[in-house]
Protein chains: 2
Amino acid sequence: MALFSSYPERMSTPGRGLHGHVLESLGPSITAGEYPPGSVLRTDELAQRFEVSRSVMREAVRVLESMHLVESRRRVGVTVLPTDRWNVYDPQVIRWRLAGADRPRQLRSLTVLRCAVEPVAAGLAAKYATAEQCAELTECALGMVANSRGHRLEGYLFHDVAFHRIILNASGNEMFARLGDVVAEVLTGRTHHQVMFEDPAPEAVTLHVQVAEAVRAGDTVRAESLTREIVLGALEELDVLSPEP
Amino acid sequence: MALFSSYPERMSTPGRGLHGHVLESLGPSITAGEYPPGSVLRTDELAQRFEVSRSVMREAVRVLESMHLVESRRRVGVTVLPTDRWNVYDPQVIRWRLAGADRPRQLRSLTVLRCAVEPVAAGLAAKYATAEQCAELTECALGMVANSRGHRLEGYLFHDVAFHRIILNASGNEMFARLGDVVAEVLTGRTHHQVMFEDPAPEAVTLHVQVAEAVRAGDTVRAESLTREIVLGALEELDVLSPEP
DNA sequence: GCCATCAAAAAGTCAGACTTATATGTCACA
DNA sequence: TGTGACATATAAGTCTGACTTTTTGATGGC
């Protein structure tokens with residue numbers, strides 16, 4: 001099926017090279033709060049701990065610095081920055097945080113972001129989606145229907161992710177399009193790490209089909225409000241499992 | 001005035017260190033499309049061009065790689081990635097792109113993002129804003145009023161940026177809060193690089209005052225719809241100057 | 001108590017040698 | 001002529017050690 005060839009599985013970038021390996025270990029530690037803000041690390045010490053040369057360690061620190069997770073200053077060391085400085089939109093940071101302890105809070109703030117963005121994106125998609133995108137969209141919706149019963153969660157997830165990706169891409173807005181990875185992480189996290197014994201809610205499935213129809217019909221306001229229902233439903237579902245105002 | 005002490009002027013991080021200086025030159029070149037996607041650079045050659053050691057150049061490349069602007073592969077070199085791979089939410093990438101040639105398109109996609117996010121953020125702010133945040137908000141609104149006539153653009157801009165930052169922070173959502181820098185860049189760009197001979201539109205000023213009121217009153221739907229008016233107005237204004245559907 | 005000066009500490013920079021992966025070309029064989 | 005194994009060259013990756021620069025904090029004189 002050529003339609004999905006545009007979604008290669010390059011979602012996660014495993015630590016290539018020594019510096020990547022170090023990052024994959026040190027990054028999650030920091031985002032998990034293992035080193036509280038203000039903690040000071042020393043490059044040399046880290047290099048010894050990870051058994052790599054200083055050059056490699058310096059490269060890793062540079063990357064962490066570009067994510068604003070740490071700040072490197074002369075005569076002081078590598079200081080861990082407070083959370084509100086972090087580049088929380090960096091896909092790698094998102095992945096690290098979703099893998100950590102405060103996954104629920106993370107999942108929630110990302111879902112609230114979805115609530116804001118996806119309805120607007122769907123409205124734009126109804127305006128600008130190509131015929132091919134409309135076809136892909138309905139195909140995904142049908143795929144969701146086909147996998148909506150009988151505990152076929154993986155198949156459902158696959159089409160769900162693809163569906164939302166297409167919406168975000170079809171909006172024609174680059175900033176929206178780049179949130180496709182974020183949505184994918186959220187949906188995957190929800191499916192894999194939550195109690196999901198039951199099949200997906202039938203209403204949600206129906207809504208997806210209707211969104212696909214609305215987009216094809218060019219009905220912007222309907223596409224927007226239907227998508228809002230979908231994503232508000234997801235938020236509600238999240239609040240049921242881990243309630244916090 | 002202690003209210004604004006929480007908004008230090010650390011918005012732009014000038015290239016500290018040699019590697020930062022290289023980045024500040026090479027980054028914009030790439031985002032400007034000077035090296036088309038697929039172009040191959042060699043670390044050694046770059047090091048020579050910028051007259052730095054390879055260690056420094058490698059650190060710079062690592063940072064560009066973490067932004068997904070380039071990809072470094074053995075035996076090949078440093079390949080420039082296509083636009084749809086870039087981390088377009090990275091504040092540094094945003095700044096580089098806003099400084100480049102396709103500023104208008106960039107400004108527009110960011111404003112569309114604002115249209116999606118800020119109304120929702122304002123709604124949440126009406127729910128969760130502290131008394132102090134409400135006070136700061138009205139103060140900013142008054143500051144905008146005070147600078148709305150007589151070509152006092154800088155003063156107006158200052159309070160405008162602060163206003164939207166407070167809204168985004170008061171929403172209580174981390175992802176929204178981190179868009180404060182983006183909004184600041186957009187507003188600054190609009191003021192400094194567009195034909196802005198005239199004073200800001202009186203309706204916009206009024207709307208800001210009303211939003212501050214709505215937030216203080218805890219009127220979520222009113223805060224949301226008023227903010228939507230503000231930001232849709234900004235989008236309209238943008239389309240008037242550089243019309244593209 | 002305050003300011004200038006100094007020394008130590010840690011990051012920053014550089015140069016050179018070496019290792020490793022890999023794209024590509026070569027050649028034998030089918 | 002096409003195909004597979006093999007060799008080679010290339011550019012990134014890694015390590016090491018020496019040196020420089022900035023900045024903190026301590027020391028000491030006023």
Side-chain angles (χ1 to χ4, degrees), chain A residues 8 10 12-27 29-30 35-82 85 92, chain B residues 8 10 12-27 29-30 35-82 85 92:
Chain A
R10 54 160 160 73
S12 59
T13 307
R16 285 199 317 200
L18 275 187
H19 105 282
H21 191 259
V22 169
L23 271 179
E24 221 52 48
S25 165
L26 188 53
S29 295
I30 294 175
Y35 306 93
S39 306
V40 176
L41 312 169
R42 265 158 302 146
T43 307
D44 292 21
E45 184 192 308
L46 290 173
Q48 280 188 13
R49 170 132 54 98
F50 290 100
E51 295 177 308
V52 294
S53 69
R54 292 194 312 277
S55 344
V56 168
M57 201 48 186
R58 285 181 53 77
E59 289 173 25
V61 168
R62 281 279 171 270
V63 173
L64 292 175
E65 203 174 18
S66 87
M67 295 168 173
H68 287 90
L69 294 183
V70 303
E71 191 178 50
S72 180
R73 279 169 56 199
R74 268 179 159 132
R75 168 57 209 222
V76 173
V78 178
T79 314
V80 177
L81 293 176
R85 296 285 310 273
Q92 199 153 30
Chain B
R10 54 161 160 73
S12 58
T13 308
R16 287 200 313 200
L18 276 188
H19 105 281
H21 191 259
V22 169
L23 272 179
E24 221 51 50
S25 166
L26 188 53
S29 296
I30 294 175
Y35 306 92
S39 306
V40 175
L41 312 170
R42 265 156 303 148
T43 307
D44 293 22
E45 184 192 306
L46 290 172
Q48 279 187 15
R49 169 134 52 100
F50 289 100
E51 296 177 307
V52 294
S53 68
R54 279 173 312 154
S55 337
V56 169
M57 199 54 198
R58 284 180 55 76
E59 289 172 25
V61 168
R62 280 279 170 271
V63 173
L64 292 176
E65 202 174 18
S66 87
M67 296 167 172
H68 288 90
L69 295 184
V70 303
E71 192 179 48
S72 180
R73 280 168 57 198
R74 269 183 158 132
R75 169 60 208 238
V76 174
V78 178
T79 314
V80 177
L81 293 177
R85 294 286 308 275
Q92 201 153 29

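We name chains A, B, ... by the order of the sequence lines, and we start the count at 1 in each one. Keep in mind the model is a prediction, meaning the values are calculated, not measured.
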Mind checking if A/T43 touches a base, just sugar-phosphate, or nothing, with heavy atoms under 4.0 Å? sugar-phosphate

Most 5' of B/E65 and A/R54 on DNA chain D, judged by nearest nucleotide: B/E65

Kindly compute the distance separating CG (B/L41) from CD1 (B/I30), expressed to the nearest 0.5 Å. 6.5 Å

Does A/E65 come within less than 4.0 Å of A/R62, counting only side-chain N to carboxylate O? yes

Atom CD of B/E59 to atom C1' of D/dT14: distance rounded to whole Å? 14 Å

For each nucleotide in nucleotides 19-27 of chain D, reading 5' to 3', give B when a protein heavy atom comes within less than 4.0 Å of its base, S when such contact involves only the sugar-phosphate, and - otherwise. --BSBB---

Please walk me through it: do A/T79 and A/R73 pass side-chain contact (heavy atoms from CB on, under 4.5 Å)? CA-CA 8 Å; A/T79 314; A/R73 279 169 56 199; 5.6 Å; no

On a heavy-atom basis, the closest approach of A/L81 and A/H68 is CD1-O, 3.4 Å

Where do A/V40 and A/G77 come nearest, in terms of heavy atoms and distance? CG1-CA, 4.1 Å

Positional range of nucleotides in DNA chain C within the contact set of chain A, heavy-atom, under 4.0 Å: C/dA8 to C/dT13

Give the rounded distance in Å between these two atoms: CG of B/L41 and C1' of D/dT10. 16 Å

Can you check the B/R58 CZ to D/dA11 C1' distance for me, whole Å? 10 Å

Tell me if a side-chain donor or acceptor on B/S29 pairs with a main-chain N or O of B/S25 at a distance below 3.5 Å. yes

Atom of B/L64, atom of B/G27 and distance for their closest heavy-atom approach: CD2-CA, 4.2 Å

Heavy atoms under 4.0 Å, any strand shown: does B/S55 hit a base, just sugar-phosphate, or nothing? base

Let me know the distance between CG of A/D44 and P of D/dG17, rounded to the nearest Å. 13 Å

In sequence, state the C-alpha distance, the side-chain angles, and the governing distance for B/F50 and B/L26, and then conclude on side-chain contact (heavy atoms from CB on, under 4.5 Å). CA-CA 9 Å; B/F50 289 100; B/L26 188 53; 4.2 Å; yes

